[in-house]
Each structure stands twice: as structure tokens, then as C-alpha cells.
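Position 1 is the first residue of the sequence, and the numbers go up from there.
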Amino acid sequence: MTQTLPTSVDVLLVGMGPVGATAANLLGRYGVRALVIDKSQEIFMAPRAIALDNEALRILQMAGLEDGAFATCAIPEVQMHSPMFGYYARAKTGRHIDEHPSLVTFYQPELEKVLRERVANYPCVQTALGMEIVGFSQDEYGVVAILSQGGKEFTVHARYLVGVDGANSFVRRHAGMTFEGKTFTQDWLVVDVLNAPTPINHVEFHCDPRRPTPHMPAPGNRQRWEFMLHPNETREQMEHPDTIKKLLKPWCDASKCNIERTAVYRFHARIVDRFSKGRVFLAGDAAHITPPFVGQGLVAGLRDVANLCWKLAWVVQDRAPQSILDSYDIERRPHARSIINLARLMGGLVMPRSYITAFFVHGFMWAMHRFPITRGLFEDLEIKPANRFMYGLFQRGRSSSKLVRGGQVPQGQVRSGHGAATIRSDDYLGNFPTLVGFGCDPTNVISLPLLAAWTSAGGTCLTLRSNGQSGLGRNSLEDATGTLVPGAAPVGWVAVIRPDRTVLHDGPLANVDTIIKESLELMGCTTPDNETPAIPVAR
């Protein structure tokens, strides 16, 4: 059955996997007129991605998903096991960062179902399933896309097109964007099992050169094993029930378990040469593919849309010029490449092919864990690249607070007063750039023309007070945990926070006029003494 489609939208999203569905929810929360299409009518029910970190959970919170919206398993640690050195290394993943567990596993079909259900809450976002894109062209005014469903073609005009259509992206290929990288020669068999008799609560990598095997739990009494194939082993051999039974024998009797999925796949490490071309943007696997060893494939895609969607919203709502969209590639591509490099490094630690290599690699890791100065690199995840930008849409330079411009503002618990219920601070930051006063009220100091320019550009203001601090008015919020005041910035500090929780600018309260003026100019917005703001993106 064909659908009635809008003839024009602000944003056309191609693909409604978890990244596309998250983007649709973000655009809905920002009030953007969007159409999201997917050539499949149904959610692919086999589990695929399995891991999310605290950053991904925070982005899903931004997209409107509360705790418990989908099931997760918190992972207290990741263990590395060698036949020569035993448990030679571990990563401690049991702590919470920014009010979320640092590592969880999940069931992807459930997450996709929830995200699709939530999209229906936004009248400005329309969904068309069973619809695929068969062509598009673009000019300085927008994109003309040709869509097809049931043999019938439709033409949709969009100001911007976002391809979130996976590793084999039609959008990427049709736009002529280069996909660089490497396909690993190793094939792996993934086995997802329901109701395995011996549950585990951690992730373990059995780094045996004979057959490296990651093993992890997932919600719904699920467990996953991944087995590296030898060069002479075929897909048909490895997916045969007898082979599965033999591989699982050290852990469980496969005949007494429900084998939910078996699939052989090959790892890839690729990234496009640029995340956008004109009015066409790529996100998720369409832009980069990450080997699974650090569980960052889906996380990287969620970072993409968190970064891109608010910028698209500000442009299509005429709050900022199109030039701010240049910062998407500048900010996201270097970090995505660093995550790919980390995954490749971890792959080398997991799957050495000879005992000689394994002895030196695992022995080196074993030794590093014996010395406090190097232990934290892996154990405390210090090896993981910080989600922090070197260049982009923020004021360059460092301030004297703990905040890092181009980095993430911490999230804590805030409340209206002592004894009141607490709520996560991101929920108060909301969907707009926010001027935050740390232990001070910047609206009492900022000049009225600048405050008017800030609010007309969509900016909001938030006053936080430290625990027990008084004198800031009934509309201020108390930091119940000290994470923000004084944990992130001292009393008397102000900062401009982007909707993706990136610090755009900060400084002492006395400089609030300069901070707001420079922030507006960075975002290309009109200031009282500058009706034609400069190009905003720092390079």
C-alpha cells in the first residue's frame, strides 16, 4: 500500500536503523519537518550491535529515551584471558559516567522498536517504510530525491539529505563519496544463544591463538560468542549445527540451548573522505565502519547524529547560516578515525595468530598491568579517545575552569531545592543552546540587547547553585551532587552549552557579554552591533 508523502521537507533521512531512528527523534524534538524512509517494512529481528557506552546512553537520553525504555545489562568489567598468562588484563567498566553506566549490552531489535514508537510522537516527522531512494540531485537550494514504493515513484524536495542507510549506502555511492579503508582477512562466526545454562555478568576475551573467542551476556538471558575462522574453514562448515555444538562445548550444551542466530562476517575498517557533499550528509555505517573489538560501531553513529541534527535544526529554522554545517565533518571525522584505529589496535591484542606473537603481546599487556603508571591505560579506559574536538564550532583556547571547550559538559543531578526530587541536568539543558551560570545568575549581568539577541536566536539561560548556596532566586537549581558546581566550574563562572552538550564557550561572569557576543558570532547569529555575522567555523 502506497503512502501519501509530503512534496517538500526540511530534512530527508534515508535509513531507519538505530542511528536513523535516533536522528528522527532528535529532529522531532527540535521541531524540524522531516521525512524518514527505509526500504524494509519491518525491523530486522536478529541481534547485531550489542554494546553501548555512557556517551551513547546520554545521546539516547537526549533523544527522549528514559531509563528502562529498553533493557540493558550493565557490564562491571572486561577480562582478557591468555592460555599462557591467565587473566592478564582487564578494563573496569562498572562505574557510572555522566549518570550512565560506562558499558552495557542490549538487544538491538528492542531498541529499534522503541525508537520507532517514539518517532510517532512528533507530528513534524513522517515515516515511510517499504520506501527506497532510487536517485537524487542537488543544487544551491536543496535536494530533489526520487523515491520508490511498490513500483510507484515519488519526488520529494528537501533542503538537506542525510544518508543513514548503512555500510552499502546508496546515498554515499550516488553522491560519489570515497569510502577508504581496509577489509580484514579474518572471518568470524557470531553465535547468539538464548537460555544458556551458565549466565555471566561480564565480557571476556579468550585470546587463544588457536581460536580467539569474545564472550558476553545480553538482556533476555542471552549470551554471545564470536569465533575466529581459520583460513581453510567455510561459512557452510562453521554454521553447521555440529560445528556450533563443538565450539560451544566448553561453555554449554548447544542441544539444550536456543540458538537465536549464527552468522559469519568479515571485519571492516573504513571511513569516507568527507562526511558531507553539498547538502548531502552521511552518518553511522554509511560514513564509517568500525571493527567490533571496542564496541564503538553504533556509538560512533549516535555521536554523528547528535552532532549534526541540532545544527540542521538551527539552519532550517533560520537561526544560523548554512556555514555552521561545515563543522560536522571537521568535528566528527577525526574522532571517528581515532575510534577505528583503537578498534584495530584492540583487534591485534585479541587475535594474534601465533603463540610467539601472543607471548610477546599478552606478556607486554600483563607487564603493563603490574605497574600503576601504565595500568590505567587499559584498566581505566584511558586508551579510549575522548569525545573532544580539536577544531570546530566552539571558541578556541582554554579557560581556567575544568570545562574544556569542544568537550562535553558533565551531567549531574539537580533539584529545585533541598529535599526535592532530583533530575538529570541534561533534561534541564533541553534542546537549545544554553547559557549556564555556575553559582551565579548571568541574566542579572548581561546587557539587555545581548540577552535579547541570545533569546531571539533560540538560546536559553540556566542558573545552577552549589549545594546549600542561597540568594540566586527561586528559578535557580541546586546541584545535588556537586558534579557541576564546583565539580565542573567554580562559583561565578558561565558557559555556553550546545544542544549536543558540547562546551561552546566559557569564562568568568564578568566576561558574560563578550562570551555571549562571541558565541552568537560563532553560530552565525545576529548580534546587536553586527547584523551580518562572520563565518563561524574555526579551522
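- The aromatic rings of H362 and Y88 lie parallel to each other, with less than 30° between the two planes, well short of the 60° mark.
- Atom NZ of K277 sits about 8.0 Å away from atom CD of Q138, to the nearest 0.5 Å.
- There is a side-chain donor-acceptor pair under 3.5 Å between D253 and S255.
- Annotation: side chain of Q322 is in contact with side chain of Y160 (closest heavy-atom distance under 4.5 Å).
- Between V19 and L298, the closest side-chain pair of non-hydrogen atoms falls below 4.5 Å.
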Without placing hydrogens or testing angles, list every side-chain donor-acceptor pair under 3.5 Å for residues 283-296, not counting sequence neighbours.
from : atom 1 : to   : atom 2 : distance (Å)
H288 : NE2    : D304 : OD2    : 2.6
Q296 : OE1    : R303 : NH1    : 3.3
Q296 : OE1    : R303 : NH2    : 2.7
Q296 : NE2    : D53  : OD2    : 3.1

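- Side-chain contact check for V14 versus V164: every heavy-atom pair is 4.5 Å or farther apart.
- The shortest non-hydrogen separation linking Y30 to A313 is CB-CB, 3.6 Å.
- P101 has its side chain within reach of H96: a pair of non-hydrogen atoms, C-beta onward, lies under 4.5 Å apart.
- Around the CZ atom of R173, the shell of radius 6.0 Å holds more than 12 heavy atoms that belong to other residues, nucleotides or ligands.
- At least one donor-acceptor pair closer than 3.5 Å links the side chain of Q149 to the backbone N or O of L129.
- Within a 6.0 Å radius of CE in M45, other residues, nucleotides and ligands contribute more than 12 heavy atoms.
- Within the 4.5 Å cutoff, the side chain of L60 has heavy atoms near those of the L52 side chain.
- Heavy-atom contacts from other residues, nucleotides or ligands closer than 6.0 Å to CZ of R210 number 12 or fewer.
- Within a 6.0 Å radius of NZ in K384, more than 12 heavy atoms belonging to other residues, nucleotides or ligands are found.
- A side-chain contact (heavy atoms from CB on, under 4.5 Å) with L312 is found for exactly one of D10, I324, V32, L325, namely L325.
- Within the 4.5 Å cutoff, the side chain of P209 has no heavy atoms near those of the T357 side chain.
- In this structure, V143 and L12 have side chains that are not in contact, with every pair of non-hydrogen atoms separated by 4.5 Å or more.
- Under the salt bridge (charged side-chain N to carboxylate O under 4.0 Å, His left out) criterion, the residue pairs touching residues 222-232 are D192-R224, R222-E260, with sequence neighbours excluded.
- Two rings, from F267 and Y265, have their centers less than 6.0 Å apart.
- Contact of the D426 side chain with the R58 side chain is registered, since non-hydrogen atoms from C-beta on lie closer than 4.5 Å.
- Panel note: side chain T198, backbone A196; no donor-acceptor pair is recorded below 3.5 Å.
- Taking CG of D273 as the start and OG1 of T178 as the end, the distance is 4.0 Å to the nearest 0.5 Å.
- Considering all non-hydrogen atoms of both residues, L27 and V125 come closest at C-CG2, 4.5 Å.
- Distance check, rounded to the nearest 0.5 Å: CD1 of I146 to CZ of F154 gives 11.5 Å.
- Closest heavy-atom contact between I50 and A218: CD1-CB, 3.9 Å.
- Annotation for L57 and F70: closest pair CD2-CZ, 4.1 Å, computed over non-hydrogen atoms.
- Heavy atoms of other residues, nucleotides or ligands lying less than 6.0 angstrom from CG of D139 number more than 12.
- Closest approach of Y328 to K311, counting heavy atoms only: N-NZ, 3.8 Å.
- Distance check, rounded to the nearest 0.5 Å: CG of L115 to OG1 of T22 gives 4.5 Å.
- For residues 59-78, every residue pair satisfying the side-chain hydrogen bond (donor to acceptor under 3.5 Å, both in side chains) rule, not counting sequence neighbours, is listed here: Q61-H100, Q61-Q411, Q61-D427, E66-R118, D67-R424, E77-Q79, E77-R90.
- For the atom pair NE2 (H215) and NE2 (H202), the distance works out to 7.5 Å, reported to the nearest 0.5 Å.
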